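Predicted, not measured: the structure shown is a model, and the values here were computed from it. Just so we're on the same page: letters track the sequence lines, and every chain starts at 1.
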Amino acid sequence: MKRLYKPLLGMGLVAALGGGGWYAWDRAHPPPPPKEKRFEDIDPKEYEKWMQDLGYTE
Amino acid sequence: MRSGPFSVLCAVCFFLLLVLRFALPGISREVAPSASISPEAAMAVPPKPEGMQTPVSEADGVGEARLTAEACGKLASDLQDVCWQALARQTGASDPDGALLLCPRIRDEELQLECRSDVAESISEKDRQKAESICQRIDSIKWRGQCNFGIGLALAETDPEYALSRCDHAEIFKLFCRHDVNGEVALVNTPFAIGFCAREEGSELQRKTCWHGIGKYLARRDIFEAQRACEQTTLIWRGNCFHGMGWGAAERDVEAALKDCEKMGEYSNNCRQGVAYQQKRSDPERAIQLCTSIPDERIQSRCLEFVRR
């Protein structure tokens, strides 16, 4: 156990640094928000269904 | 053999690092709040067909209580957003710049965008260029569309041509905007509204919904006024106008609507179909029953398909 002390400490440090580094990087690079749909991007069939549901067309 | 435990330890540490890198992101990362809008979500934020409430004028001391920044600041934190939004709406017409400064106090991003849209709407009668520029500076497609829709509704009575032109900027709400703004126009200037739809612009859906709006808005006031307008529609879309009529009349009184639909001659089935579609929202069983009672097989089948989906 005594012999393992140093490697264990080393590995712990590496793990802590790696984890911390990853965390910092991840916070600095949040995933981009999904793209908002424009009118032209909407499937006309789906659009017609929403309009029917809300009372905007037959 | 001595290196055995050390190798195991290395493997465990390496595994932990892998877990940190690949497993945790799925749990901990948050999507940026200004996220996307699915069309369903957009529709869940209903357009404002009745237009925004008229802001309380300085002279009008009754009706709606006047808010102050001090009162909003004293409210519990979960109520403050709504209060700031209402205050911005209230002051928008008289002090748009001051109202816009209130919007950033709202913590909920969606409400904050709605706040700016409301301010634009409230000043549009006095200063349409400023209203347009407020909308233009909103960086959400959805709320920029809603903002222009709001301006269209606010100016439908006073400048229909301009009001309807805002719908071209209403993005996801474009056809909803044309339906509602032209419907509002029909209430004050029916010939203009009919003339607008008679231009027959855009897709089939755009043309259909235009006529539908006239029938619906007028029937909310008077079903026979709607009938007179619907009789002037382009023949192929006439059923849509009567459908809108049925929907609009059913909003007031379902039984009276059904009775009046019987007086609509060859379009009585379309009118009844409109009543059934409207009833689907509150009483789906009744909607199915109404569809079943439509004698025209084609309309009945379409009606049942809609109310059962």
Q: Using heavy-atom distances under 4.5 Å, tell me whether B:Lys216 contacts chain A through its side chain, its backbone, both, or neither.
A: side chain
Q: Below 4.5 Å from any heavy atom of chain A, which atoms of B:Ser140 appear? Answer side chain, backbone, both or neither.
A: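 It is both, since atoms from each part get that close.
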Q: Taking CD in B:Glu305 as the centre, count heavy atoms belonging to other residues, nucleotides or ligands within less than 6.0 Å. Is the count above 12?
A: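 No, not enclosed.
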Q: Is it the side chain or the backbone of B:Arg144 that comes within 4.5 Å of chain A heavy atoms, both, or neither?
A: side chain
Q: Give me the ring orientation class for A:Tyr56 and B:His179: parallel if the planes are under 30° apart, tilted from 30 to 60°, perpendicular past 60°.
A: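 Correct class here is tilted.
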Q: Can you give me the closest heavy-atom contact between B:His243 and A:Thr57, atom names plus distance?
A: CE1-O, 3.7 Å
Q: Heavy-atom distance under 4.5 Å between the side chains of A:Met51 and B:Lys208, does that happen here?
A: no
Q: For the backbone of A:Gly55 and the side chain of B:Arg281, can you confirm whether one donor and one acceptor N or O come within less than 3.5 Å of each other?
A: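 It does not hold such a pair.
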Q: B:Lys280 versus A:Asp53: any side-chain heavy-atom pair under 4.5 Å?
A: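 Of all side-chain heavy-atom pairs linking A:Asp53 with B:Lys280, at least one is under 4.5 Å.
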Q: Taking side chain as everything from C-beta outward and backbone as N, CA, C, O, which of these in B:Glu171 sits under 4.5 Å from a heavy atom of chain A? Side chain, backbone, both or neither.
A: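 Its backbone and side chain both get close to chain A.
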Q: For B:Leu175 and A:Tyr47, which heavy atoms make the closest approach, and how far apart are they?
A: N-OH, 3.5 Å
Q: Under a 4.5 Å cut-off applied to non-hydrogen side-chain atoms, are B:Arg302 and A:Glu58 in contact?
A: yes
Q: Is the count of non-hydrogen atoms from other residues, nucleotides or ligands lying under 6.0 Å from B:Gln136 atom CD greater than 12?
A: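 Counting other residues, nucleotides and ligands, CD of B:Gln136 stays at 12 neighbours or fewer.
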Q: For residues A:Gln52 and B:Trp247, report the shortest heavy-atom separation together with the two atoms involved.
A: O-CZ3, 4.0 Å
Q: Specify the closest pair of heavy atoms between A:Glu48 and B:Leu205, including all atoms of both residues, with the distance to one decimal.
A: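 Heavy atoms only, the tightest pair is CG-CD1, 3.8 Å.
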